[in-house]
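Notes to accompany the following structure.
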Amino acid sequence: MRSGIKKRIAFLATLLFGNQNLVRDFVDNCQDFVTARSIDELARKMNELTGTPDVDAGLLTEEISRYDAAIAAWPALHNDDQLRRIAHARQYRGDRIRTCKFARINDSNAMPLIAIREFILVRKSLGGIETDLESRVLNDSGEVLPGLYAVGEAAGFGGGGIHGLRSLEGTFLGGCIFSGRLAGQSISKG
Ligand SMILES: Cc1cc2nc3c(=O)[nH]c(=O)nc-3n(C[C@H](O)[C@H](O)[C@H](O)COP(=O)(O)OP(=O)(O)OC[C@H]3O[C@@H](n4cnc5c(N)ncnc54)[C@H](O)[C@@H]3O)c2cc1C
């Protein structure tokens, strides 16, 4: 009972003040996180990480200065799309609690700067290899290709899948597992 209350208090503290431990854990242990105390140092470390000269420190400084200057301007003059979106999200109480208010990037009180290397990945496929109801792959004429099965993302279940246009966040994994089960059953039937 007592540990349940403690967990709730910890959860509320995380909601209100952010998950500092998680950020620290990433900074300490994830090779894709880079920290620095100046924009020049950040750009240099980002380039070192990728082994390319892609990040231009001058351009980065310019962009950050523009963003920071926009925050300092009167709200009616905010014409930065990111600021508009933050302001919009914070109008709704549910989003307000998880969306930080405007914060300058190059702020000596908020150091270090953190850059995160990102990778492109496919999140949802909206199509895939055509199959029948046993997850058997069909050829262009709609005939079964013996011995070949396709399931999950590869068969279009990571997007609409069985839910079609009504698919929502969280409904993809189910279809992927379902199509895998059908393939397994079909294979075991021989
Ligand atoms: C960021 C993110 C968040 C998501 N959130 C949700 C969610 O909240 N709810 C939900 O329902 N769905 C969610 N999805 C979608 C769901 O996770 C995927 O649709 C599902 O995991 C796809 O399963 P899969 O087995 O078809 O493909 P994958 O999980 O992609 O598995 C394919 C596997 O094949 C391996 N592989 C690739 N090539 C080869 C090869 N040549 N030889 C051997 N192995 C190979 C890969 O390494 C991988 O392990 C999310 C997806 C992403 C990316």
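Given the structure is predicted, the values throughout are model-derived calculations rather than measurements. Atoms within a ligand are numbered from 1 in the order they appear, just like the ligands themselves.
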Name the closest protein heavy atom to atom 15 (C) of ligand 1, giving the residue it belongs to and the distance to 0.1 Å.
Phe172 CB, 4.0 Å
Can a salt bridge be assigned to the pair Arg66 and Glu63 using a cut-off of 4.0 Å between side-chain N and carboxylate O?
yes
Using a strict 4.0 Å threshold on nitrogen-to-oxygen distance, state whether Asp80 and Arg84 make a salt bridge.
no
Is any heavy atom of the protein nearer than 4.0 Å to atom 30 (O) of ligand 1?
no
Test side-chain contact (heavy atoms from CB on, under 4.5 Å) applied to Ile187 - qualifying residues, sequence neighbours left out
Tyr149
Atom 18 (C) of ligand 1 has as its nearest protein heavy atom Glu153 OE2, 3.3 Å
The protein heavy atom nearest to atom 6 (C) of ligand 1 is Arg123 NH2, 4.3 Å
Closer than 4.0 Å: a protein non-hydrogen atom to atom 44 (N) of ligand 1:
no
Taking NZ, NE, NH1 and NH2 as the nitrogens, is one of them in Glu41 or Arg37 under 4.0 Å from a carboxylate oxygen of the other?
no
Give the residue, atom name and distance (to 0.1 Å) of the protein heavy atom nearest atom 9 (N) of ligand 1.
Gly170 CA, 3.2 Å
In this structure, atom 20 (C) of ligand 1 is nearest to the protein heavy atom Leu173 CD1, 3.6 Å
Counting only non-hydrogen atoms of the protein, does one fall under 4.0 Å from atom 52 (C) of ligand 1?
yes
Kindly indicate whether atom 22 (C) of ligand 1 is approached by any protein heavy atom to under 4.0 angstrom.
yes
Checking side-chain hydrogen bond (donor to acceptor under 3.5 Å, both in side chains) against Thr50, which of Asn47, Asp54, Thr52 comes through?
Thr52
For Asn21, give me all partners under side-chain contact (heavy atoms from CB on, under 4.5 Å), at least two apart in sequence or on another chain.
Asn19, Arg24
